[in-house]
Amino acid sequence: MSRLKNKWVLITGASSGFGAAAACAFGAEGCKLLLGARRQEKLKAVATAAKKAGALTALYHPLDVTKTASVESFIAWAKEKTGKLDVLINNAGGAHGLDPIATATDEDWEATLQTNVFGLLRMTRAALPLVVSNPGSCIINIGSLAGHTAYENGAAYCAAKAGERKITQALRLEMYGTGVRVCSLDPGLSESEFSVVRFKGDQARAKKVYEGTHPLQPEDIAETMVWVASRPAHVNIDEILIKPTDQAAIYKLYRRTK
């Protein structure tokens, strides 16, 4: 039987991409899910898919991690459902724009930092009372290869994901002695809505990012999350850097030609 069966799992940014895949992957383990995102129709569909996959419960509620009131409302709702969390997945994030510092906008910078840095801090602060009281629980923060290696035109996103790594490392120290496990899961090139959001809905431009290569899929990341969370309580996976085989480094990406 899975170590995760009957466990409560909270996933932010669960309406698409890694979050939606994680809902189904943890559902297949027989977990009970609390799902949060802004897009309720998509979130409802994810909850339905997760229950079909095997989730014992798949509940959902509006969540915007860029707003403290929304985070607090979501956690108040979560506390009505359970008095503890076994797994917290801070997945909500994303990049906005791909411009050099000289021409980037405050709007894009603020959106990137609000979701990836302040949103992560808000959500973790609010959820910790449900986690700390439960030794063996696990917090998984979704980072990025960009938090390890900078690239031009991505200053705010690289800074945000470097910030996520440092937040995770600080939290690991703060959780010393509580039995709470903390991990940063840092993917490289992954095919999801990430590029569509970055390019503000330009599907053609987003598609070009992945042309000729085999990027990671959301299911690959979800499978890794399940593995991290299902380790024995005395095992903490501090950090995982996961890239597609075609990506040897952030700049070194193999592309097949037709």
Side-chain angles (χ1 to χ4, degrees), residues 4 7-67 69-82 84-95 111 114-116 118-127 130-131 137-144 164 183-185 187 190-197 216-230:
L4 295 173
K7 300 295 187 181
W8 282 98
V9 181
L10 190 161
I11 306 172
T12 72
S15 61
S16 65
F18 299 158
C24 290
F26 280 95
E29 298 292 314
C31 295
K32 294 175 283 190
L33 308 179
L34 299 171
L35 309 175
R38 292 174 297 174
R39 298 176 294 180
Q40 291 300 285
E41 282 304 311
K42 289 195 172 225
L43 198 55
K44 180 180 179 180
V46 170
T48 299
K51 288 182 73 174
K52 186 175 180 180
L56 300 182
T57 302
L59 307 173
Y60 62 96
H61 191 272
L63 174 62
D64 182 348
V65 299
T66 70
K67 295 178 171 57
S70 178
V71 170
E72 291 177 348
S73 174
F74 182 88
I75 292 298
W77 166 80
K79 287 178 178 177
E80 293 174 358
K81 310 303 177 185
T82 179
K84 68 172 185 176
L85 287 176
D86 299 290
V87 184
L88 168 63
I89 298 174
N90 282 311
N91 168 69
Q114 277 290 347
T115 51
N116 294 285
F118 295 111
L120 169 61
L121 289 167
R122 287 187 191 98
M123 196 67 206
T124 303
R125 178 180 62 188
L130 292 172
V131 177
S137 56
C138 182
I139 299 173
I140 301 175
N141 296 331
I142 304 303
S144 171
E164 176 276 329
C183 174
S184 181
L185 175 53
S190 308
E191 189 170 19
S192 66
E193 289 187 353
F194 177 88
S195 291
V196 176
V197 172
L216 297 171
Q217 297 299 312
E219 291 75 17
D220 300 321
I221 305 306
E223 182 180 4
T224 307
M225 292 185 214
V226 168
W227 180 80
V228 170
S230 62

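In this text the structure is predicted, and so the values were computed from the model without any measurement. Position 1 is the first residue of the sequence, and the numbers go up from there.
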What is the minimum heavy-atom distance between A22 and I89, and which atoms define it?
CB-CD1, 4.5 Å
Atom CD of E219 with >12 non-hydrogen neighbours under 6.0 angstrom
yes
Show, in sequence, the C-alpha distance, side-chain angles and deciding distance for L43 and R38, and conclude whether the side-chain contact (heavy atoms from CB on, under 4.5 Å) test is met.
CA-CA 8 Å; L43 198 55; R38 292 174 297 174; over 6 Å; no
With rounding to the nearest 0.5 angstrom, report the CG to CG distance, N90 to N141.
4.5 Å
Would W77 and L59 satisfy side-chain contact (heavy atoms from CB on, under 4.5 Å), going step by step from the backbone distance to the final call?
CA-CA 10 Å; W77 166 80; L59 307 173; 3.6 Å; yes
Given 3.5 Å as the limit, does a donor-acceptor pair link the side chain of D86 with the main chain of W8, or not?
yes
What pair of heavy atoms forms the shortest contact from P218 to E191, and how long is it?
CD-O, 3.3 Å
To the closest 0.5 Å, what do you measure between CD1 (I11) and CE (M225)?
7.5 Å
Taking every heavy atom of L33 against every heavy atom of A23, the minimum-distance pair comes out as CD1-O, 3.3 Å
If you measure from OG1 on T57 to NZ on K51, what distance do you get to the nearest 0.5 Å?
7.5 Å
Check whether S137 reaches the backbone of V131 with its side chain - one donor and one acceptor, N or O, closer than 3.5 Å.
yes
Is there a side-chain contact (heavy atoms from CB on, under 4.5 Å) between L35 and V46? Walk through the geometry before answering.
CA-CA 9 Å; L35 309 175; V46 170; 4.2 Å; yes
Taken to the nearest 0.5 Å, the spacing of L10 CG from L130 CG works out to 8.5 Å
Measuring only between side-chain heavy atoms, which start at C-beta, is S73 closer than 4.5 Å to H61?
yes
Shortest non-hydrogen contact from V65 to V71?
CA-CG2, 3.8 Å
Any donor-acceptor pair under 3.5 Å linking the side chain of T115 with the backbone of A111?
yes
Taking every non-hydrogen atom, the tightest pair across F74 and G36:
CE1-CA, 3.5 Å
T12 side chain to A92 backbone, donor-acceptor under 3.5 Å:
yes
I'd like to know if the side chain of T224 reaches the main chain of D220, judged simply by a donor and an acceptor atom lying under 3.5 Å from each other, with no hydrogens or angles considered.
yes
I'd like to know whether NZ of K52 has more than 12 heavy-atom contacts from other residues, nucleotides or ligands below 6.0 angstrom.
no
Is there a side-chain contact between T66 and F118 in this structure, where contact means two heavy atoms from C-beta onward sitting under 4.5 Å apart?
no
Roughly how far apart are E72 CD and R125 CZ, rounded to 0.5 Å?
6.5 Å
Gap separating the CG atom of L88 from the OG1 atom of T124, nearest 0.5 angstrom:
6.0 Å
Which atom pair, heavy atoms only, marks the closest approach of C24 to A50?
SG-N, 4.0 Å
